[in-house]
Amino acid sequence: MMHRVLLIEDNEDLALGLRNNLEIEGYAVRVAHTGAEGVLEIERGTDLLILDLMLPDTEGLKLLQQVRRAGFEAPVLVLTARGEEADKVRALKIGADDYLTKPFGLLELLARVEALLRRAPGLRADAVVHELGDLEIRTGPRQVLRGGSPVDLTPKEYDLLLALVEAGGKVASRRELLERVWGYRESVYTRTVDTHVAELRRKIEPDPRNPSIVVTVRKAGYRLATEAS
């Protein structure tokens, strides 16, 4: 399996060099040069984030804190030009898993990337695989395949699909899904679930206008037409 690495680095020369070397090592690499671009790329899913703390539109620590609070769980390797111990401690407390101070050696960065991916609990080889028709939902890498090809789901779309899978074919109400996927503890009116279901169907259904996988149960919620095995 090719691990996905997201690099958020505003120095284009450095980003290009790191991307080339990571790709040579067999990683699938995406690059963002600003915090805003990085947040959008994080929504697409990644197995490891390499984050520069000095970005043109935001401070890297603020971005890290933001995505951790939003539920981002992949390991994060922080790159910083600041060598002060207080900055490193703050990064680790906010949610970084490791850090490197610039300038750093390429071999050291590659070794730390490999170690972080090896330790990441969500990437274990023995993680569960649910089969649903021609879909495979792999809980380890949080990956969905359709007919053997990856489906590009956002983290919330993946969590929504997994919640329906784990319901075992039973109806999951909108309130249950809001609590399970978004953490809402109160009864609130929102179209969040319906909007995400529509986008999920667009990506996994053979015919999204006539869904055969994620079925609407009127006035009750949603269920999967076929139980996962």
Side-chain angles (χ1 to χ4, degrees), residues 1-6 26-30 32 37-49 67 70-75 117 120-184 188-229:
M1 180 189 66
M2 182 179 290
H3 288 137
R4 302 165 298 169
V5 175
L6 172 60
Y27 299 108
V29 183
R30 302 197 311 275
E37 292 174 3
V39 170
L40 293 176
E41 291 294 337
I42 287 171
E43 280 292 311
R44 295 177 56 195
T46 189
D47 300 318
L48 172 73
L49 171 61
V67 299
F72 179 67
E73 298 178 349
L117 288 170
L123 298 174
R124 296 193 308 267
D126 61 348
V128 177
V129 176
H130 299 281
E131 295 182 358
L132 187 65
D134 68 345
L135 289 178
E136 287 185 15
I137 300 98
R138 301 180 177 181
T139 62
R142 291 176 58 86
Q143 183 182 46
V144 175
L145 303 179
R146 180 180 177 188
S149 299
V151 180
D152 190 15
L153 299 182
T154 67
K156 289 303 183 187
E157 289 165 0
Y158 174 86
D159 291 341
L160 175 59
L161 178 59
L162 186 61
L164 292 170
V165 167
E166 294 178 344
K170 297 180 181 179
V171 177
S173 70
R174 290 172 175 82
R175 181 174 181 178
E176 290 169 342
L177 292 171
L178 281 170
E179 181 174 339
R180 171 68 186 278
V181 179
W182 285 271
Y184 292 176
V188 295
Y189 177 79
T190 175
R191 298 288 296 176
T192 296
V193 173
D194 298 329
T195 300
H196 279 75
V197 165
E199 187 62 16
L200 180 62
R201 283 171 169 166
R202 186 183 69 80
K203 295 179 179 180
I204 69 171
E205 295 277 3
D207 181 1
R209 294 185 179 181
N210 297 288
S212 59
I213 299 174
V214 180
V215 178
T216 301
V217 180
R218 189 179 180 189
K219 296 184 179 181
Y222 297 97
R223 67 174 178 85
L224 292 182
T226 305
E227 291 189 15
S229 60

Give a yes or no answer on whether the side chain of Ser173 reaches the backbone of Gly221 with a donor-acceptor pair at less than 3.5 Å.
no
Between Arg44 and Asp152 (salt bridge meaning N to carboxylate O under 4.0 Å), is one present in this structure?
yes
Atom pair CG (Leu178) and CG (Leu160), whose distance is rounded to the nearest 0.5 Å:
10.0 Å
Please enumerate all residues that pass side chain to side chain donor-acceptor pair (under 3.5 Å) together with Glu136, with sequence neighbours excluded.
Arg138
Kindly say whether Ile213 contributes a backbone atom to a donor-acceptor pair with the side chain of Glu205 at under 3.5 angstrom?
yes
Among Leu224, Val217, Val215, exactly one meets side-chain contact (heavy atoms from CB on, under 4.5 Å) together with Val171. Which residue is that?
Val217
Please round to the nearest 0.5 Å and tell me the distance separating atom CD of Glu199 and atom CG of Leu153.
9.0 Å
With heavy-atom distances below 4.5 Å as the criterion, would you say the side chains of Thr216 and Tyr222 are in contact?
yes
Does any non-hydrogen side-chain atom of Leu135 lie less than 4.5 Å from one of Leu145?
no
From CZ (Arg201) to CG (Leu161), nearest 0.5 Å
12.0 Å
How long is the straight-line distance from NE2 of His196 back to CG of Leu177, given to the nearest 0.5 Å?
11.5 Å
Could you tell me whether the side chain of Arg30 and the main chain of Glu41 form a donor-acceptor pair under 3.5 Å?
yes
Identify which one of Leu48, Thr46, Leu117 satisfies the side-chain contact (heavy atoms from CB on, under 4.5 Å) criterion when paired with His3.
Leu117
To the nearest 0.5 Å, atom CD of Glu166 lies from atom NE2 of His130 at 5.5 Å
Check the pair Ile204, Val214 against side-chain contact (heavy atoms from CB on, under 4.5 Å), reporting the backbone distance first and the verdict last.
CA-CA 9 Å; Ile204 69 171; Val214 180; 4.2 Å; yes
Keeping Asp47 on the side-chain end and Arg4 on the backbone end, is there a donor-acceptor pair under 3.5 Å?
yes
Check for a donor-acceptor pair, side chain of Arg174 on one end and backbone N or O of Asp194 on the other, with a separation under 3.5 Å.
no
